[in-house]
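Report on the following structure.
Note that the coordinates shown come from a computational prediction; the quantities given were computed from them, not determined experimentally. Order of the sequence lines sets the chain letters (A, B, ...), proteins ahead of strands, with each chain counted from 1. Because only heavy atoms are used, hydrogens play no part in the values below, and waters and symmetry mates are left out as well, while side chains stay in.
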Amino acid sequence: MTLEQHISQVLKERYDLEVSVELQETRKEFDGDHTLVVFPFLRAAKGKPEEVASTIGQDLKDRGAIKEFNVVKGFLNMVMDQNVFTDEFKAFCESNNLGLPAAGSKGKYIVEYSSPNTNKPLHLGHIRNNLLGSSVAKILETNGVDVTKVQIINDRGIHICKSMLAWQEHGNGETPESTGLKGDHLVGKYYVKFDQVYKAEIKTLIDGGMDEEQAKKQAPSLVKAQEMLLKWEQGDSATISLWETMNGWVYEGFNTTYEKLGVSFDKNYYESQTYVLGKDDVLKGLEQGIFYQKEDGSVWIDLEGEGLDHKLVLRKDGTSVYMTQDIGTAIQRFKDFEAKGMTYVVGNEQDYHFKVLFIILKKLGYEWANSLHHLSYGMVDLPSGKMKSREGTVVDADDLIDSMVADAGAISKELGKIEGMDEAEQQALFHTLGLGALKYFILKVDPKKRMLFNPAESIDFTGNTGPFIQYTYARIQSLQRKGPEGLSFDWNTLATNSEELTLMKAILAYPSTVAQAAEALSPAVLANYTYDLVKKYNGFYQNNSILNAESDERIAFRLLLSKKVGEVIASSMNCLGIQVPNRM
RNA sequence: GGCCGCGUAGCUCAACUGGAUAGAGUACUUGACUACGAAUCAAGCGGUUGAAGGUUCGAAUCCUUCCGCGGUCACCA
């Protein structure tokens, strides 16, 4: 019987109370393992906090559920027999899977993330998106879910035509090969070029006496881009060919970045193929009266009942809008994968869009619509404010990754601990450390919150960072290499000190922390847990000799404890997409 | 302006979802490397949790108002 169950029984028998019991860990300044807050029971118990707590404590002790207890105000601190923890830890070690659920034991789930436009390279905002999506997928997998990772690539539309047009008119036939530029950067260069030309044209028109509104609509570049979009939709072969070529460059560039980031997808959806999806579903919904049609032919949904307004789902010319596509794409995905739920990793600027989308899908009667989730994350701000591509204040993904790797290299060389590693090993290590620092920096922050990135201050490698955790792992591996083999100890006679006990408890919390992170879809939960574990381990390491402990039994136990800490670190860092080095 | 979200040490972030004296890192000051790796450990400094009310045994957390910041209100995506 668990301690919670014991407490439930005591409450029932003594006070006729039927409540769910929630325990918390006893704070370190008090004596005990678990703490029960008794204030909620005072009304039924009709007593003072101290008396009630003491009564419950004594009952629990009499039943043998706890070893000792003490009462501070309304807090009942309970001390467990140490064997409870060593027994649990023994089972944990013997299970050999860190207490985690079996792979694929919890059904199928879809995670959508990244969703880039093919007109410019990825930037820091995409990095947060990619790391979150990729990590959430890994966390779910680690928690026993069968995850399918998908992205939708926004490969069509007026914005794509803009870079195509600019390249056509000003590109002089440049290619990634001829310029040595990464394909996505080359295309991005022409997206910027378009904007420059467009703005100049507007200025000329305004100077010629036109008002701004008109000028923005009539600037020749925009008109030409619109013509190009029309040609694309008509399937004009020259336009399609240019589109394919330039998108091909972009995909090659994206793949390089994805590879460096260590993210991947099980299936790509392309907007050029899905943008017609959803129209049929909307028309069907129109027949059922879920949508209504205005006189001009446009189709809408009335969401005033939900406290929202009216939303357009088909234009008057019958073409789709963003919402229509998302309706169709969602339906398509559940046909493709028969998942029980899906999460969209998309910035919080689209909160309203997803609110509406989910309501519509529910109204259309899809059962799975109740298990849709928008993982809405905050923007990454710079000290100067929001990143704006047109103002050139974006932090480019490739540049950032490269500079992190370079920083890792500089620091490693300065510390001089990597002698004997060949060049390739060193480069791999710098990559592991640089990306570890970057990923941890981003993932340790609660996804919902916006975060600040200051390019002037490089990301730390000391303190609450990825490399700090990686360093602890590397030290543990060093111990394992140096430790004597063949030593053993007897669990039954094992007496642990307080630091060892603290560590065991922290290790044992791993599976429930993974479950919590999966529930909250939050890598930050795991990052904070791991940091806490590592700090505890380092404190233990500092104060307790492992290889020179007082007995062979002690050495064996501490090596096992260290090994398990290492395994938990490796597993949780894997959930964050962070690799761990054997030396650094 | 309507709606949504956010304000915690100088800076970057926590706080088990309403619990005990609000914790870490960084920066700054100091101590510890001929014990297993000092990218480490230990100590100090740093707070009216944006402000004011309210709810109750108890509030950073819930409610109201105000201030500040951001997002969103397209037949764009």
Original post:
Taking the side chain of L312(A) as its heavy atoms from C-beta onward, which of rA38(B), rC75(B), rC36(B) lies nearest to it?
Top reply: rC75(B)
Original post:
Out of rU17(B), rU26(B), rU72(B), which has the shortest distance to the side chain of D460(A)?
Top reply: rU26(B)
**OP:** Look only at the side chain of R128(A) and the backbone of G378(A), and say whether a donor-acceptor pair between them is shorter than 3.5 Å.
**Re:** yes
Subject >> Sugar-phosphate, base or nothing in reach of T472(A), heavy atoms under 4.0 Å >> reply: nothing
Original post:
Looking only at N and O atoms, is any donor in the side chain of N454(A) or the base of rC11(B) less than 3.5 Å from an acceptor on the other one?
Top reply: no
**OP:** Hey, can you tell me if H126(A) and H123(A) have their rings parallel, tilted or perpendicular (30° and 60° cut-offs)?
**Re:** tilted
Original post:
Any side-chain N or O of N538(A) less than 4.0 Å from the OP1 or OP2 oxygen of rC41(B)?
Top reply: yes
Subject >> Y344(A) and F354(A) aromatic centres sub-6.0 Å >> reply: yes
Subject >> Separation between the P atoms of rG23(B) and rU30(B), rounded to whole Å >> reply: 26 Å
**OP:** Would you please confirm or rule out a distance under 4.0 Å between OP1 or OP2 of rC75(B) and any side-chain N or O of K294(A)?
**Re:** no
Original post:
Just checking M584(A): base, sugar-phosphate only, or nothing, at a heavy-atom cut-off of under 4.0 Å?
Top reply: base
**OP:** Would you mind reading off the distance between Q542(A) atom CD and rU40(B) atom P, rounded to a whole angstrom?
**Re:** 11 Å
**OP:** For RNA chain B, produce a single dot-bracket line, 5' to 3'. Pairs: Watson-Crick or G-U wobble, both distances under 3.5 Å. Symbols: ( ) within strand, [ ] crossing, | other strand, . unpaired.
**Re:** (((((((..((((.....[...)))).(((((.......))))).....(((((..]....))))))))))))....
Original post:
Does a donor on one side chain and an acceptor on the other come within less than 3.5 Å for N119(A) and S163(A)?
Top reply: no
Subject >> Nearest-Å distance once atom C1' is located in both rG19(B) and rU64(B) >> reply: 24 Å
Original post:
So, for S562(A) and F540(A), which heavy atoms are closest and what is the spacing to 0.1 Å?
Top reply: OG-CE2, 4.5 Å
Subject >> Nearest-angstrom distance from the residue atom CD of E29(A) to P of rA15(B) >> reply: 18 Å
**OP:** Report which part of the nucleic acid T319(A) touches: base, sugar-phosphate, or nothing (heavy-atom distance under 4.0 Å, all strands).
**Re:** nothing
**OP:** Report yes if a side-chain nitrogen or oxygen of R27(A) is closer than 4.0 Å to either non-bridging phosphate oxygen (OP1 or OP2) of rG19(B); otherwise report no.
**Re:** no
**OP:** Taking atom C1' in both rC13(B) and rC75(B), compute the distance separating them and give it to the nearest angstrom.
**Re:** 43 Å
**OP:** Answer with base, sugar-phosphate or nothing: what part of the nucleic acid does N119(A) contact at a heavy-atom distance below 4.0 Å?
**Re:** nothing
**OP:** Answer yes or no as to whether rC57(B) has its base stacked against F39(A), where stacking requires a ring-centre separation under 5.5 angstrom and planes under 30 degrees apart.
**Re:** yes
Original post:
Under 4.0 Å between a side-chain N/O of R315(A) and OP1 or OP2 of rA74(B), yes or no?
Top reply: no
**OP:** Kindly indicate whether the side chain of P484(A), heavy atoms from C-beta on, has any atom under 4.5 Å from the side chain of L559(A).
**Re:** yes
Original post:
Of all the nucleotides listed (rC4(B), rC36(B), rC13(B)), which has the minimum atom distance to the side chain of D351(A)?
Top reply: rC4(B)
**OP:** Check every strand shown and say whether F30(A) touches a base, only sugar-phosphate, or nothing at a heavy-atom separation below 4.0 Å.
**Re:** base
Original post:
NA contact type, D296(A), heavy-atom cut-off 4.0 Å: base, sugar-phosphate, or nothing?
Top reply: base
Subject >> Under 4.0 angstrom between K311(A) side-chain N/O and rC73(B) OP1 or OP2 >> reply: no
**OP:** Select one nucleotide: of rA35(B), rA38(B), rG71(B), the one nearest the side-chain heavy atoms of E349(A).
**Re:** rG71(B)
**OP:** Would you mind telling me which of rC41(B), rA20(B), rG37(B) lies closest to the side-chain atoms of F75(A)?
**Re:** rA20(B)
Subject >> Along RNA chain B (nearest heavy atom to each residue), the more 5'-positioned of R43(A) and L314(A) >> reply: R43(A)
Original post:
For the pair made of CG in D326(A) and P in rC76(B), what is the distance, rounded to whole Å?
Top reply: 15 Å
**OP:** Look at all strands and tell whether P40(A) reaches a base, only sugar-phosphate, or nothing, counting heavy atoms closer than 4.0 Å.
**Re:** base
Subject >> Side-chain N or O of K73(A) closer than 4.0 Å to phosphate OP1/OP2 of rU21(B) >> reply: yes
Original post:
What's the shortest heavy-atom distance between V346(A) and H374(A), and which atoms?
Top reply: O-NE2, 2.8 Å
Original post:
Rounding to the closest angstrom, what is the interatomic distance between rG2(B) and rU40(B) at atom P?
Top reply: 50 Å
Subject >> Residue pair W300(A) / V313(A): nearest heavy atoms and the distance that separates them >> reply: N-CG2, 4.1 Å
Original post:
rU17(B) and rA35(B): how far apart are their P atoms, nearest whole angstrom?
Top reply: 45 Å
Subject >> Minimum-distance nucleotide (side-chain atoms of T462(A) versus rA77(B), rU26(B), rG19(B)) >> reply: rU26(B)
Subject >> Touch class at under 4.0 angstrom, heavy-atom based, for K448(A) against every strand present >> reply: nothing
Subject >> Options rA20(B), rG25(B), rA35(B), nucleotide nearest the side-chain atoms of N464(A) >> reply: rG25(B)
Subject >> P spacing across the pair rU12(B) / rU56(B), given as an integer number of angstrom >> reply: 37 Å
Original post:
Base, sugar-phosphate, or nothing for E22(A), non-hydrogen atoms under 4.0 angstrom?
Top reply: sugar-phosphate
Subject >> Length of the NE2-P vector between H374(A) and rC4(B), whole Å >> reply: 17 Å
Subject >> Phosphate OP1/OP2 of rG37(B) contacted by S478(A) side-chain N/O (<4.0 Å) >> reply: yes
Original post:
Just checking E271(A): base, sugar-phosphate only, or nothing, at a heavy-atom cut-off of under 4.0 Å?
Top reply: sugar-phosphate
Original post:
If the C1' atom of rU29(B) is compared with that of rG68(B), how far apart are they to the nearest Å?
Top reply: 35 Å
Subject >> K48(A) and E50(A) ion-paired at < 4.0 Å >> reply: no
Original post:
Residues two or more places apart in sequence or in another chain: which of them pass ring pair (Phe, Tyr, Trp, His ring centres under 6.0 Å) with F30(A)?
Top reply: none
Subject >> Heavy atoms of other groups near K505(A) NZ, more than 12 under 6.0 Å >> reply: yes
**OP:** Record whether the side chain of N77(A) comes under 3.5 Å of the base of rA20(B) through a donor-acceptor pair of N or O atoms.
**Re:** yes
Subject >> Contact nearer the 5' end of RNA chain B, comparing A408(A) with D309(A) >> reply: A408(A)
Subject >> L479(A) CG to rA35(B) C1', straight-line distance once rounded to whole Å >> reply: 12 Å
**OP:** Under 4.0 Å between any heavy atoms, over every strand shown, what does K355(A) touch: base, sugar-phosphate, or nothing? Just pick one.
**Re:** nothing
Subject >> Listed nucleotide nearest any side-chain atom of A474(A), set rA14(B), rC75(B), rG37(B) >> reply: rG37(B)
Original post:
When you measure from the side chain of S298(A), which nucleotide among rA20(B), rC75(B), rG7(B) comes out closest?
Top reply: rC75(B)
Original post:
Strictly under 6.0 Å, is that where the ring centroids of Y531(A) and Y440(A) end up?
Top reply: no
Original post:
On a whole-Å scale, what distance lies between the C1' atoms belonging to rA42(B) and rG71(B)?
Top reply: 45 Å
Original post:
Would you say a side-chain N or O of R450(A) is under 4.0 Å from OP1 or OP2 of rG70(B)?
Top reply: no
**OP:** Using a heavy-atom cut-off of under 4.0 Å over every strand shown, decide if V37(A) touches base, sugar-phosphate, or nothing.
**Re:** base
Subject >> Minimum-distance nucleotide to S545(A) side chain [options: rG7(B), rC36(B), rU40(B)] >> reply: rC36(B)
**OP:** Give L415(A) one of three labels, base, sugar-phosphate or nothing, depending on what nucleic acid heavy atoms sit under 4.0 Å from its own.
**Re:** base
